[in-house]
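Data first, discussion second: the structure below is written as structure tokens.
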Amino acid sequence: MLDNRTIMDAKESLWEKLIEGHQDFCRVHRGLKEINLKSYQWYLKHFQAFLEKRGINDLKGLTIALIDEFICQIGPKFSRPSNLNSTLRSFLRYLYFYQYIPSDLAEKLYPQSSFSHAKRPKYVPWKKIQDFLAKFKRESLKDKRDFAILMFLASYGLRAREVAVLRVTDIDFINRQFTIRERKGGKPAAFPLQRDVADALRDYLSVRPNASHPEIFLKIKPPFKALGISISLAVHECLIHHWEGRRPPTRGAYLFRHSFAKAMLDRGAPLTKIGDVLGHEKMDSTLIYTRVATKE
């Protein structure tokens, strides 16, 4: 007679066999990289634990209703629930292909929908942005560079990539303006160069490494290449190390963009004006900001 330990070992070995087999299948037939396979494995371990809590000990008890329940209950806890959905679809196809299950449940598992109108902007009250910038220490080269980046993001609600492509020649200190050569819609846009932004930029340019790259913001260590999309990572690190109190709803550059738009809305700016400043092509994008309370 089998004891409980033997039964548990058999269950574990079955799941290990299935997960490993699925990984080999994805590696050979789909050409997935190891980082993707680790993600798949992580999701499937959660799926295994869910089924065991429901008393599902073998694949005969696997139903689309159970899978939907797992997605509804567990999916929102993950940062990217769509990845969970695609993992399950792939795993179910594998099970059906190798005849572990009698029907293709993947066909009945519809991909999750993402509705743009259901999105909420992630912002903090403008006073917190002001306090964060006021207390930001600017001693090292990195600090000076990061502070100048933050000032552009917070003062104009720019996208991270719009700051990333800024060149020295785009800045006109004499006439106090700067130009974004190409916004998301493909059109250039000119902005007034605020004094505090100009001061932060001059402070960084005074120590900026000599490099042939025309972009303003460079990496700290040689070779001094353009910072590029790593601006988002720089902002993320700033928020982790310098933000005081309860952590903000997001640790990316969009925290400043959304907070900037929220502040404009609170001051009574019309949506058309907010959309123009943010570089929105369609009003639908700006309407997101009407879904927040306008008082803190």
Side-chain angles (χ1 to χ4, degrees), residues 79-80 119-168 170-171 178-184 189 191 193-194 196-209 211 213-221 224-265 274 277-280 285 288-289 292:
S79 60
R80 302 189 68 179
K119 295 179 181 179
R120 298 290 187 272
K122 298 177 180 179
Y123 71 96
V124 295
W126 191 245
K127 182 65 166 58
K128 290 189 177 182
I129 296 292
Q130 291 176 313
D131 291 344
F132 172 72
L133 294 173
K135 295 177 182 179
F136 197 93
K137 295 181 179 180
R138 307 185 293 277
E139 299 173 352
S140 66
L141 166 61
K142 184 178 186 304
D143 292 340
K144 294 176 185 290
R145 182 203 67 184
D146 292 348
F147 183 69
I149 290 172
L150 294 172
M151 288 299 293
F152 273 106
L153 293 172
S155 301
Y156 305 99
L158 298 177
R159 301 176 178 89
R161 63 183 183 84
E162 292 172 339
V163 178
V165 299
L166 271 176
R167 298 183 177 185
V168 177
D170 294 330
I171 310 298
F178 70 95
T179 303
I180 302 293
R181 287 172 288 105
E182 186 175 321
R183 304 208 77 181
K184 191 173 182 179
F191 294 84
L193 185 61
Q194 300 176 17
D196 52 356
V197 178
D199 290 343
L201 184 56
R202 285 194 180 97
D203 193 29
Y204 165 62
L205 291 176
S206 67
V207 295
R208 177 181 178 271
H213 296 279
E215 289 80 8
I216 294 175
F217 298 108
L218 307 176
K219 295 184 177 181
I220 298 302
K221 297 180 180 180
F224 301 111
K225 296 181 179 180
L227 190 57
I229 59 174
S230 295
I231 275 187
S232 296
L233 177 59
V235 173
H236 178 81
E237 292 176 347
C238 286
L239 290 170
I240 287 179
H241 295 119
H242 300 289
W243 189 267
E244 296 180 355
R246 183 180 178 182
R247 74 177 190 177
T250 177
R251 295 183 179 178
Y254 267 77
L255 174 70
F256 297 90
R257 180 173 171 83
H258 285 181
S259 299
F260 173 84
K262 172 65 164 55
M264 287 189 69
L265 184 65
I274 297 175
V277 173
L278 295 179
H280 289 159
S285 300
I288 291 175
Y289 299 99
V292 297

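Every heavy atom of this structure was used, including side-chain atoms; hydrogens, water molecules and symmetry mates were not.
Side-chain atoms of R145 come within 3.5 Å of backbone N or O of L218 as a donor-acceptor pair. Judged by distance alone, the side chain of H242 and the main-chain N or O of C238 form no donor-acceptor pair under 3.5 Å. A donor-acceptor pair is defined here as one N or O able to donate and one able to accept, closer than 3.5 Å; such a pair exists between the side chain of S140 and the backbone of D143.
Counting heavy atoms of neighbouring residues, nucleotides and ligands inside a 6.0 Å radius, atom CZ of R247 does not exceed 12 of them. At most 12 heavy atoms of other shown residues, nucleotides or ligands fall within 6.0 angstrom of atom NZ in K128. I240 CD1: more than 12 foreign heavy atoms inside a 6.0 Å radius.
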**Request:** Carefully, step by step, assess I216 and F178 under the rule side-chain contact (heavy atoms from CB on, under 4.5 Å).
**Result:** CA-CA 12 Å; I216 294 175; F178 70 95; over 6 Å; no

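The salt bridge (charged side-chain N to carboxylate O under 4.0 Å, His left out) check on E139 picks up nothing, with sequence neighbours excluded. Scored by the ring pair (Phe, Tyr, Trp, His ring centres under 6.0 Å) test, F217 finds Y204 as partners (sequence neighbours excluded). A search for salt bridge (charged side-chain N to carboxylate O under 4.0 Å, His left out) contacts involving E162 returns R159, R183, not counting sequence neighbours.
Annotation for V163 and F152: closest pair CG2-CB, 4.0 Å, computed over non-hydrogen atoms.
The existence of a salt bridge linking D146 and K142 is confirmed by a sub-4.0 Å separation between a basic side-chain nitrogen and an acidic carboxylate oxygen.
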